[in-house]
Peer 1: 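Structure provided below as structure tokens; questions to follow.
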Amino acid sequence: MRAMKQIVAQLVSDAIATLPELADAAADLSIESTVERTRDASHGDFASNIAMRLAKPVRKSPRDIAASLINALGDNEIIDKVEIAGPGFINFYLSPVAFHAELETILEAGEDYGRQPQRDHPKILLEFVSANPTGPLHVGHGRGASYGATVGNLLEAAGYPVSREYYVNDAGRQMDILGASVWLRWLEASGVDVDFPKGGYRGDYIRDIASEIDTGGIEVVTAEAVTDGLPENTDDNKDEYVDALVARCKELHGEDGFNKIRQQSLESIRDEIRADLEEFGVHFDEWFSEQSLTQSNRVDDALAVLDERGMLYKKDGATWFPSIQYGDDKDRVVVRDNGVKTYFASDIAYHFDKRERGYDHLIDILGADHHGYVTRVRGGLEAMGYEADDLEVQFVQFVTLYRSGERVQMGTRSGQFDTLRQLREEVGNDAARFYYVSRSNDQHLDFDLDVAKSQSNDNPVYYIQYAHARITSVFEKLADLSLAWDADNAKATMDNLSSQQEKALMTALSRYPEILELAANNRAPQHLVHYLRDLAADFHSWYNANKFIEDPDNVRDARLALCAATKVVIANGLGILGVSAPDKM
RNA sequence: GCGCCCGUAGCUCAGUCGGAUAGAGCACCAGAUUCCUAAUCUGGGGGUCACAAGUUCGAAUCUUGUCGGGCGCGCCA
């Protein structure tokens with residue numbers, strides 16, 4: 001199934017092939033890139049600027065080139081009329097037959113309409129969210145989740161094999177701090193009151209975890225035993241204090257005792273995150289554990305590869321990676337002087353491992369605050385023999401919540417709106433998913449709770465869903481009247497779809513595959529969002545002006561075909577966005 | 001200071017390998033429903049595309065500079 005634009009581009013391409021002097025000049029040119037939808041119906045359906053692009057190399061005027069090109073267009077039933085316009089645009093007016101054929105394609109393809117055939121290369125690994133398992137997801141993660149899930153759907157629709165992965169940072173100091181935090185809350189619940197570390201995790205969920213985990217075999221100790229000889233718990237000293245608590249917990253309960261608490265804590269949070277995302281319609285194929293990377297020695301393996309290639313050196317007792325060679329500001333430490341590997345070391349190993357697992361193209365969706373890491377991680381991949389471009393990074397900028405025109409202060413302490421779960425409960429999954437991807441990912445997002453929540457025409461998600469529900473309702477009404485839609489008759493009578501509004505709606509429908517491709521190629525779901533809004537507007541506009549159940553059979557069948565096709569495209573598009581397409585509202 | 005993202009209507013935003021008169025929603029104003037969902041539709045006003053140069057047939061789009069905003073610059077993760 002080819003998009004309409006490709007069909008037009010092919011005709012242009014064929015015409016050029018018959019004109020040697022143009023064919024040479026156009027050899028490096030993607031013909032399809034010269035063809036675009038017109039903004040104004042008075043310019044026809046498609047326009048090509050190819051004559052202008054070729055004017056310089058061919059040394060002829062654009063209008064002359066356009067004239068010979070038009071002359072060379074073969075006979076076909078797709079195009080009604082071709083005109084030269086303005087400085088040398090070629091405007092194509094498509095025949096109704098072309099649009100009617102597209103309607104049939106939509107109805108035949110159904111939920112596959114707009115999707116590309118499955119290919120087996122390149123295999124894409126899409127990593128997103130990957131929030132540390134130290135607490136519940138907040139509204140910022142929600143944007144990464146919605147964006148990542150939608151990009152995944154878009155890539156799949158474009159035919160790519162894509163695997164969605166969540167990297168669980170379940171190793172390292174933050175996990176120790178989590179373990180110590182839970183440990184202290186558990187002691188507290190057992191009547192042992194210890195000054196809670198300023199550097200610890202203070203949220204209420206820590207108490208919940210403390211009350212749920214299995215602490216069998218771990219003895220309650222006294223407050224003195226915990227704090228004896230520890231540094232002061234002050235803002236200046238919070239890192240030392242919390243690290244000392246971790247060490248103390250290991251002394252008192254042994255590594256096994258501490259691990260038991262830490263492991264259950266992180267698993268509890270990870271499971272909570274997973275459930276939250278599942279409810280949000282965001283699914284992962286793999287929950288990749290950082291611990292597993294360390295346990296299987298893959299960090300050491302990756303460092304060994306770098307070492308063999310001469311891409312590591314020692315200085316000041318630490319081991320460094322010369323990332324300056326790959327455009328970074330400075331070289332980076334991979335093994336600290338105390339022998340502990342840095343986060344960067346696992347990150348290199350993790351991305352190396354992704355490639356080694358057979359994924360050709362890696363996409364990371366990261367918060368905007370991580371943009372400093374890209375150069376060095378790419379450098380790491382390159383140093384290990386892969387291409388820097390194998391890693392693509394998409395950044396998601398920050399989210400600011402607004403309520404009643406006021407900025408909502410975020411942060412756990414404010415007790416205000418903070419978690420993704422609260423947001424979902426307030427505005428609903430559909431509105432949240434839609435709103436999150438309605439703006440380009442590299443732009444800051446003002447999330448207006450009042451708009452997202454309003455079940456009115458302020459809210460584009462309901463506007464689109466309403467179009468879908470309206471169509472369902474038409475077919476129900478039809479049944480109520482003991483009428484039926486004769487789809488075969490519709491094919492034979494599509495000439496009845498001839499009004500301006502019908503033309504506009506058919507044009508909008510036929511754009512869908514092109515929009516999907518655009519959105520997938522650019523990892524830009526907002527194109528789909530805006531498209532669906534436009535499509536719904538074209539539908540509502542037409543629907544409002546035409547009551548057609550009472551029409552003669554031939555007209556009714558054709559118009560119902562238009563309804564059915566619109567329903568298909570809206571459902572498909574909303575499906576990509578992870579938004580439901582309700583039959584009733 | 002250096003690097004990355006950005007600056008388009010009163011507000012929120014589209015405009016993606018440079019293209020024709022810069023678009024949409026909200027808000028505002030005026031209208032439409034004995035009729036398949038009015039969560040709808042029709043019409044209207046509203047712009048120095050931050051600013052200044054440059055590139056060319058043509059710039060919101062590319063280049064440079066200035067101003068303004070966000071983020072990042074650890075042997076943290």
Peer 1: Does a side-chain heavy-atom distance below 4.5 Å link A/V377 with A/I348?
Peer 2: no
Peer 1: Applying a 4.0 Å non-hydrogen cut-off, can you work out what A/Q465 is touching in the nucleic acid: base, sugar-phosphate, or nothing?
Peer 2: nothing
Peer 1: Any donor-acceptor pair under 3.5 Å linking the side-chain atoms of A/E83 with those of A/Y93?
Peer 2: yes
Peer 1: Do A/Q394 and A/E392 have side-chain N/O donor and acceptor atoms under 3.5 Å apart?
Peer 2: yes
Peer 1: Taking any heavy-atom pair under 4.0 Å as a contact, classify A/N132: base, sugar-phosphate, or nothing.
Peer 2: sugar-phosphate
Peer 1: Is a donor from one side chain sitting under 3.5 angstrom from an acceptor on the other, for A/N554 and A/N489?
Peer 2: yes
Peer 1: Just by distance, with hydrogens left out, do A/Y350 and A/E165 show a side-chain donor and acceptor under 3.5 Å apart?
Peer 2: yes
Peer 1: Just checking, is any N or O donor in the side chain of A/T375 or A/D328 under 3.5 Å from an acceptor N or O on the other one?
Peer 2: no
Peer 1: Nearest to the side chain of A/D40, which nucleotide is it out of B/rU21, B/rC57, B/rA38?
Peer 2: B/rU21
Peer 1: What is the nucleic acid contact for A/D170, judged by heavy atoms within less than 4.0 Å: base, sugar-phosphate only, or nothing?
Peer 2: nothing
Peer 1: Taking the side chain as every heavy atom from C-beta outward, state whether A/R559 and A/K547 have any pair of such atoms under 4.5 Å apart.
Peer 2: no
Peer 1: When the nearest nucleotide of RNA chain B is assigned to A/P87 and to A/H444 on a heavy-atom basis, which residue is associated with the more 5' position?
Peer 2: A/P87
Peer 1: Across the strands shown, which category fits A/A47 at heavy-atom distances under 4.0 angstrom: base, sugar-phosphate, nothing?
Peer 2: base
Peer 1: What's A/A469 touching, base or sugar-phosphate or nothing? Going by heavy atoms closer than 4.0 Å.
Peer 2: base
Peer 1: Nearest to the A/W320 side chain among B/rC75, B/rG19, B/rA39, which nucleotide is it?
Peer 2: B/rC75
Peer 1: Between the side chains of A/Q526 and A/Q443, does any donor sit under 3.5 Å from an acceptor?
Peer 2: no
Peer 1: Rounding to a whole Å, what distance do you find between A/H530:NE2 and B/rG15:P?
Peer 2: 7 Å
Peer 1: With sugar-phosphate meaning primed atoms plus P, OP1 and OP2, does A/S346 contact a base, only sugar-phosphate, or nothing at under 4.0 Å between heavy atoms?
Peer 2: nothing
Peer 1: Can a side chain N or O of A/R336 be found less than 4.0 Å away from OP1 or OP2 on B/rC76?
Peer 2: yes
Peer 1: Please determine, for the side chain of A/I549, which listed nucleotide (B/rC36, B/rC41, B/rG25) has the closest atom?
Peer 2: B/rC36
Peer 1: Specify the separation, in whole Å, of atom CZ of A/F395 and atom P of B/rG70.
Peer 2: 19 Å
Peer 1: Has the side chain of A/H371 got a donor or acceptor atom sitting under 3.5 Å from an opposite partner on the base of B/rG3?
Peer 2: yes
Peer 1: Applying a 4.0 Å non-hydrogen cut-off, can you work out what A/A85 is touching in the nucleic acid: base, sugar-phosphate, or nothing?
Peer 2: base
Peer 1: When you compare B/rA52 with B/rG15, how far apart are their C1' atoms, in angstrom units rounded to a whole number?
Peer 2: 24 Å
Peer 1: Quick check on B/rC75: is either OP1 or OP2 less than 4.0 Å from any side-chain nitrogen or oxygen of A/T319?
Peer 2: no
Peer 1: Identify whether any heavy atom of A/D538 sits under 4.0 Å from a base atom; if not, whether one sits that close to sugar-phosphate; answer base, sugar-phosphate or nothing.
Peer 2: nothing
Peer 1: Give a yes or no on whether the ring-centroid distance for A/Y167 and A/F128 is below 6.0 angstrom.
Peer 2: no
Peer 1: Using a heavy-atom cut-off of under 4.0 Å over every strand shown, decide if A/N522 touches base, sugar-phosphate, or nothing.
Peer 2: base
Peer 1: When the P atoms of B/rA59 and B/rC71 are compared, how many Å lie between them, rounded to an integer?
Peer 2: 35 Å
Peer 1: Over how many whole Å does the gap from A/R53 atom CZ to B/rU56 atom C1' extend?
Peer 2: 14 Å
Peer 1: Look at the side-chain N and O atoms of A/H540 and state whether any lies under 4.0 Å from the OP1 or OP2 oxygen of B/rU37.
Peer 2: no
Peer 1: How far, in whole Å, is B/rC73 from B/rU63 if one measures between their C1' atoms?
Peer 2: 26 Å
Peer 1: At 4.0 Å (heavy atoms only), tell me whether A/F548 reaches a base, stays on the sugar-phosphate, or touches nothing.
Peer 2: base
Peer 1: Restricting to nitrogen or oxygen on both sides, can you table the protein-nucleotides 6-11 of chain B pairs closer than 3.5 Å?
Peer 2:
unit_1 : atom_1 : unit_2 : atom_2 : d
B/rC6  : OP1    : A/D442 : OD2    : 3.3

Peer 1: Pick the P atom in B/rG45 and in B/rA22, then give their distance to the nearest Å.
Peer 2: 14 Å
Peer 1: Compute whether any side-chain donor of one residue and acceptor of the other, for A/T134 and A/Q174, lie under 3.5 angstrom apart.
Peer 2: no
Peer 1: Roughly how far apart, to the nearest Å, are B/rC13 and B/rG1 at atom P?
Peer 2: 28 Å
Peer 1: Could you give the CG-to-C1' distance, from A/D448 to B/rU12, as a whole number of Å?
Peer 2: 8 Å
Peer 1: Please pick, from B/rC75, B/rU16, B/rG19, the nucleotide with the shortest atom-to-atom distance to any side-chain atom of A/F89.
Peer 2: B/rG19
Peer 1: Using the P atom as the reference point in each nucleotide, state the distance between B/rC36 and B/rC28 in Å, no decimals.
Peer 2: 28 Å
Peer 1: Is A/N544 side chain donor-acceptor paired with the B/rU40 base, going by distance under 3.5 Å alone?
Peer 2: yes
Peer 1: Under 3.5 Å, is there a donor-acceptor pair linking the side chains of A/H444 and A/R439?
Peer 2: no
Peer 1: Does OP1 or OP2 of B/rU42 have a side-chain N or O of A/Y543 closer than 4.0 Å?
Peer 2: no
Peer 1: Counting the atoms with a prime plus P, OP1 and OP2 as sugar-phosphate, which does A/N521 contact under 4.0 Å by heavy atoms, base, sugar-phosphate, or nothing?
Peer 2: nothing
Peer 1: For residues A/F447 and A/Y435, establish whether the separation of their ring centroids is below 6.0 Å.
Peer 2: yes
Peer 1: Map every base of RNA chain B to its dot-bracket character, where paired means a Watson-Crick or G-U wobble contact with both distances under 3.5 Å and | marks a partner outside the strand.
Peer 2: (((((((..((((.....[...)))).(((((.......))))).....(((((..]....))))))))))))....
Peer 1: What integer distance in Å separates A/L303:CG from B/rC75:C1'?
Peer 2: 14 Å
Peer 1: What is the distance, rounded to the nearest whole Å, between atom CG of A/D328 and atom P of B/rC4?
Peer 2: 13 Å
Peer 1: Taking atom CE of A/M585 and atom OG1 of A/T472, what is their separation to the nearest 0.5 Å?
Peer 2: 11.0 Å
Peer 1: Between A/D329 and A/L29, who's closer to the 5' end of RNA chain B by nearest nucleotide?
Peer 2: A/L29
Peer 1: Suppose we screen for side-chain contact (heavy atoms from CB on, under 4.5 Å). Which residues come up paired with A/A504, at least two apart in sequence or across chains?
Peer 2: A/D538
Peer 1: Verify the contact: side-chain N or O of A/Q526 to OP1 or OP2 of B/rG15, cut-off strictly under 4.0 Å; return yes or no.
Peer 2: yes
Peer 1: Respond yes when some side-chain nitrogen or oxygen of A/K330 is under 4.0 Å from OP1 or OP2 of B/rC2, and no when none is.
Peer 2: no
Peer 1: Whole angstrom is fine here: how far is it from CD1 in A/I464 over to C1' in B/rA24?
Peer 2: 12 Å
Peer 1: Mind checking if A/N441 touches a base, just sugar-phosphate, or nothing, with heavy atoms under 4.0 Å?
Peer 2: nothing
Peer 1: Using the P atom in both, what is the distance from B/rU34 to B/rA39, to the nearest Å?
Peer 2: 16 Å
Peer 1: Pick base, sugar-phosphate or nothing for A/S473, based on heavy-atom distances below 4.0 Å to the nucleic acid.
Peer 2: base
Peer 1: Rounding to the closest angstrom, what is the interatomic distance between B/rC4 and B/rU64 at atom P?
Peer 2: 10 Å
Peer 1: Of the nucleotides B/rC36, B/rC75, B/rA39, which has the atom closest to the A/Y462 side chain?
Peer 2: B/rA39
Peer 1: Rounding to an integer number of Å, can you tell me how far A/Q397 CD sits from B/rG70 P?
Peer 2: 12 Å
Peer 1: Across the strands shown, which category fits A/A524 at heavy-atom distances under 4.0 angstrom: base, sugar-phosphate, nothing?
Peer 2: base
